[in-house]
Amino acid sequence: MGRLLDTVLPHETHSAKETRRLGARVAPLLPPGTVLALVGDLGAGKTQFVKGLVDGLGGEGDNVSSPTFTIAQEYAAGDSYVLHIDAYRVEDPREFVEMGMTDSMDLAQLVAVEWPSRMGPVLPHDAVRLEISHAGGDARRIRCVP
Ligand code: ADP
Ligand code: MG
């Protein structure tokens, strides 16, 4: 699995568009049901990357926004959907279970999580961790991290 990702990562981008396009290249490389933990500061480009993930699975990436109040949003992609979770405002991982999020995660083609540390034990052990970091100006470095 990691091997396939190694064909495109690590990668440095220089615009939001480029980060989005990288997401579109990454998504088809991930086996169905992959949970992607997106690690990075505010403004790193995690949401831009998720737009690309949705594009890459045949969905409408333009519809992806930061789910301010909803925490999670499903975006149709092919026969299934991309589940986009922004855990920033979650205070207790038990909220995810109460929301029925684990069922939604189980059925998704791809789960993309911003602020995965807030999910605590609800984040699967086999989640693929990608880090997006500022690299000066509009440059961003995207890589797999352990
Ligand atoms: P996050 O979800 O990580 O908080 P967003 O994707 O919402 O970040 O926002 C990233 C911001 O940085 C956007 O305003 C985007 O236009 C800007 N930006 C500038 N350069 C890049 C880049 N190389 N990749 C991604 N976003 C970039
Ligand atoms: Mg975001």
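In each ligand, atom 1 is the first atom listed, and ligand 1 is the first ligand listed.
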For Lys46 and Asp41, indicate whether the former's side chain and the latter's backbone hold a donor-acceptor pair under 3.5 Å.
yes
Polar-atom distance check: Ala44 versus ligand 1, any N or O pair below 3.5 Å?
yes
Do Gly45 and ligand 1 have an N or O pair less than 3.5 Å apart?
yes
My understanding is that only one of Arg140, Arg141, Gln48 makes a side chain to side chain contact (heavy atoms under 4.5 Å, CB included) with Thr13; could you say which?
Arg140
Any N/O/S of Glu114 under 2.8 Å from the Mg ion (ligand 2)?
yes
Taking atom CG of Asp79 as the centre, does the number of heavy atoms from other residues, nucleotides or ligands within less than 6.0 Å exceed 12?
no
Check each atom of ligand 1 against the heavy atoms of Leu42 and keep those under 4.0 Å away; list them by number with element.
4 (O)
Please verify whether a non-hydrogen atom of Asp41 lies at under 4.0 Å from ligand 1.
yes
Looking at Lys17 and Asp138, does any basic side-chain N land under 4.0 Å from a carboxylate oxygen?
no
Nearest-neighbour protein heavy atom for atom 7 (O) of ligand 1, which is reported as residue plus atom name and distance:
Thr47 CB, 3.6 Å
Given the protein's heavy atoms, is any one of them under 4.0 Å from atom 26 (N) of ligand 1?
yes
Nearest to atom 15 (C) of ligand 1, what protein heavy atom do you find, and at what distance?
Ala16 CB, 3.8 Å
Per-atom contacts of ligand 1 with Lys46, taking only distances under 4.0 Å to non-hydrogen atoms
1 (P), 2 (O), 3 (O), 4 (O), 6 (O), 8 (O)
Counting distance only, does the side-chain N/O of Tyr88 pair as donor-acceptor with the main-chain N or O of Leu42 below 3.5 Å?
no
Touching ligand 1 at all, Gly43? Heavy atoms, strictly under 4.0 Å?
yes
Do Val128 and Leu57 land in one hydrophobic cluster if side-chain heavy atoms of ILVMFWY residues count as linked below 4.5 Å?
yes
Quick check: does Thr47 put an N/O/S atom under 2.8 Å from the Mg ion (ligand 2)?
yes
Cluster check Val97, Ile85: I/L/V/M/F/W/Y, side chain < 4.5 angstrom:
yes
Go through ligand 1 atom by atom and flag the ones less than 4.0 Å from a non-hydrogen atom of Asp138.
19 (C), 20 (N), 21 (C), 22 (C), 23 (N)
Atom 24 (N) of ligand 1: of Thr13, Ile132, Thr19, the nearest heavy atom sits on Thr19
Work out which heavy atom in Ala108 is nearest to a heavy atom in Leu83; give both atom names and the distance.
CB-CB, 4.0 Å
Run down the list Glu114, Gln48, Arg140 and name the one with the heavy atom closest to atom 6 (O) of ligand 1.
Gln48
Can you give me the closest heavy-atom contact between Lys51 and Val64, atom names plus distance?
NZ-O, 2.9 Å
Heavy-atom protein contact below 4.0 Å for atom 13 (C) of ligand 1
no
Hey, which of Ile142, Asp86, Val50 is the one that makes side chain to side chain contact (heavy atoms under 4.5 Å, CB included) with Leu38?
Val50
